[in-house]
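Everything below concerns the one structure shown next.
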Amino acid sequence: MPALTIARTTQPKPRVADPDLGFGQVFTDHMLVMDYTQGSGWQDGRIEPYGPLTLDPATLVLHYGQAVFEGFKAFRSSTGEVVLFRPRDHIARLNASGARLCIPALDEPFVLEALKRLVHLDADWVPRTFGCALYVRPLILATDPDLVVRPSRRYRFLTILSPVGAYYREGFRPVRILVSDRYVRAVRGGLGAAKTPANYAASLLAAEEAKAAGFTQVLWLDGTERTFVEEVGTMNIFFRLGDELVTPPLEGTILPGITRDCVIRLASHWGLKVSERRISIPEVIEAHARGNLLEVFGSGTAAVISPVSELVFRGKSLSIAQGRVGDWTQRLFDTLTGIQYGKMEDPFGWTVPVSP
Ligand SMILES: Cc1ncc(COP(=O)(O)O)c(C=O)c1O
C-alpha cells in the first residue's frame, strides 16, 4: 500500500456557524493529494494544508476535460461520532468513472484509509446541527502539460472537504420540474454513467432556461427517442405508481446513484414492489390521468430525497399528491437521515466511522 504523509496547517481558518453554511462555499484546513505517473503508478499520497494548485496553462484537463469526481458526506451523530456514508461505494464509482475516461484506477482500500485520516484530522469541521454535514469531494485531473488529444500520462488525485448547510431548513420543499424534450444530458454509449465534468457542463443551459421559467430543475429524457425518463437535475428519479416504486434502469446513460441504491434496498427490505424499468412520459401522463401517480421524488447525496410537486411537459401540468409529501417519500427520507445521523440502526453497514 502506498505511504501517506501528513503536513498539518500552521494557520487554521476561522469557522462558519452551522446556520450560515451554504453548499460548497467553505473549505476545511487540509486536503488529500496523490500523483500518478505512467510507469510508476499512484504515489506520494499526502495530506497537506488546503491551498491553490499551480497548473501549466497547457494542462490537459483544462482543454479536453479528462477528469472525474465524486461527492459524498460525513455526518456527526448525537454521540459525537463522525461517520462516512457508503465511502467504499463512492470510491468504487470514482474508479468506474475513471475507467470510462481512461484514468488509471486508484487503490480503493488505500483511498478509504486516507479519506478516513483526512476527515479525522478535520473532524472539528463536521457540523453539529441535524441536516448539516461535511461534504467530501474527491477528484482526479489529467495533468500532462501538452495539447495532444490522448489520455494523459500524469494525473493528480485530490480530495477537499466542505461543511455544508441543511438542504431543508424549513422542512421539505416539494419542487416544480420542467420535462425537457429540447436538450438531452447523455446518450447510450456516451458519458452519462460517469461522474465527469462534461455531463454537468452539458446540463447548464437547460437548467438555466428551466430556472428562468420558474422551475427548480429539468427532468431529462433519453437521448434517442426523447420519451423515456432518465434523471432529474443531478438526482435519480422515482415514481410511485399505485403500489409499485419505479426507477429507470442503469443502461449507461444515468449515474448509478448511491442514494438510488439505498432507496431500492430499503424499499425492497420493507416488502414494497420496486421495479428498475423503463418508464416513458406517456406512461407517467396516463398514470396521472388515472389517479395512479401517487408520489414522485429525486434521490441524491445533496438533498437525500427531494419530493416533486409538479411536472410540466409541453405546457401540460401534472400536479402530484396535491403538493404534499407522500408517505413513501417521507419514510425514505426519515430512515436514510436516521441512519446517517446515527438515530436509527444501520442494518446494511452503510456508515463507516473515521476514528482510528
Ligand atoms: C447526474 C447525477 N445523478 C444522480 C446523482 C445521485 O447520486 P448519489 O445518490 O450517488 O449522490 C448525482 C449526484 O451525485 C448526479 O450528479
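Being a predicted model, the structure only gives us computed values, none of them experimental.
- Heavy-atom contacts from other residues, nucleotides or ligands closer than 6.0 Å to CZ of R117 number 12 or fewer.
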Identify each donor-acceptor pair in which a side-chain atom of residues 87-96 lies under 3.5 Å from a protein atom, sequence neighbours left out, and give them as a table.
{"from": "D89", "atom 1": "OD2", "to": "R86", "atom 2": "NE", "distance (Å)": "3.2"}
{"from": "H90", "atom 1": "ND1", "to": "E70", "atom 2": "OE1", "distance (Å)": "2.8"}
{"from": "H90", "atom 1": "ND1", "to": "G71", "atom 2": "O", "distance (Å)": "3.4"}
{"from": "R93", "atom 1": "NE", "to": "E70", "atom 2": "OE2", "distance (Å)": "2.8"}
{"from": "R93", "atom 1": "NH1", "to": "P256", "atom 2": "O", "distance (Å)": "3.1"}
{"from": "R93", "atom 1": "NH2", "to": "E70", "atom 2": "OE1", "distance (Å)": "2.9"}
{"from": "N95", "atom 1": "OD1", "to": "L106", "atom 2": "N", "distance (Å)": "2.8"}
{"from": "N95", "atom 1": "ND2", "to": "L106", "atom 2": "O", "distance (Å)": "3.0"}
{"from": "N95", "atom 1": "ND2", "to": "E108", "atom 2": "OE2", "distance (Å)": "2.9"}

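- Contact check for L158 versus L53: side-chain heavy atoms found under the 4.5 Å cut-off.
- Taking the ring centroids of F27 and Y50, they lie under the 6.0 Å cut-off.
- Side-chain atoms of E295 come within 3.5 Å of backbone atoms of T329 as a donor-acceptor pair (strictly under, hydrogens ignored).
- Remark: the backbone N or O of T227 is paired with a side-chain donor or acceptor of D222 at under 3.5 angstrom.
- Between F23 and Y135, the ring center distance clears the sub-6.0 Å criterion.
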Residues 263-275, side-chain donor-acceptor partners within the protein, below 3.5 Å, at least two apart:
{"from": "R265", "atom 1": "NH1", "to": "D261", "atom 2": "OD2", "distance (Å)": "3.4"}
{"from": "S268", "atom 1": "OG", "to": "I264", "atom 2": "O", "distance (Å)": "2.6"}
{"from": "S275", "atom 1": "OG", "to": "E244", "atom 2": "OE2", "distance (Å)": "2.5"}

Criterion side-chain contact (heavy atoms from CB on, under 4.5 Å) on R8 and H30, from CA distance to verdict | CA-CA 7 Å; R8 284 167 181 265; H30 298 93; 4.1 Å; yes

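- Counting heavy atoms from C-beta outward, L115 and F110 have side chains that stay 4.5 Å or more apart.
- Looking at heavy atoms from C-beta onward, I47 lies in side-chain contact with L121 at the 4.5 angstrom threshold.
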Determine, step by step, whether F85 and F72 satisfy the ring-ring contact (aromatic ring centres under 6.0 Å, His included) criterion, reporting the C-alpha distance in whole Å, the side-chain angles of both residues, the deciding distance to 0.1 Å, and the verdict.
-> CA-CA 7 Å; F85 192 70; F72 63 102; 9.4 Å; no

Trace of the side-chain hydrogen bond (donor to acceptor under 3.5 Å, both in side chains) decision for D29 with W125 = CA-CA 9 Å; D29 287 323; W125 286 87; 3.2 Å; yes

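- The side-chain hydrogen bond (donor to acceptor under 3.5 Å, both in side chains) search around Y200 returns K195, not counting sequence neighbours.
- Side-chain contact check for L139 versus V68: every heavy-atom pair is 4.5 Å or farther apart.
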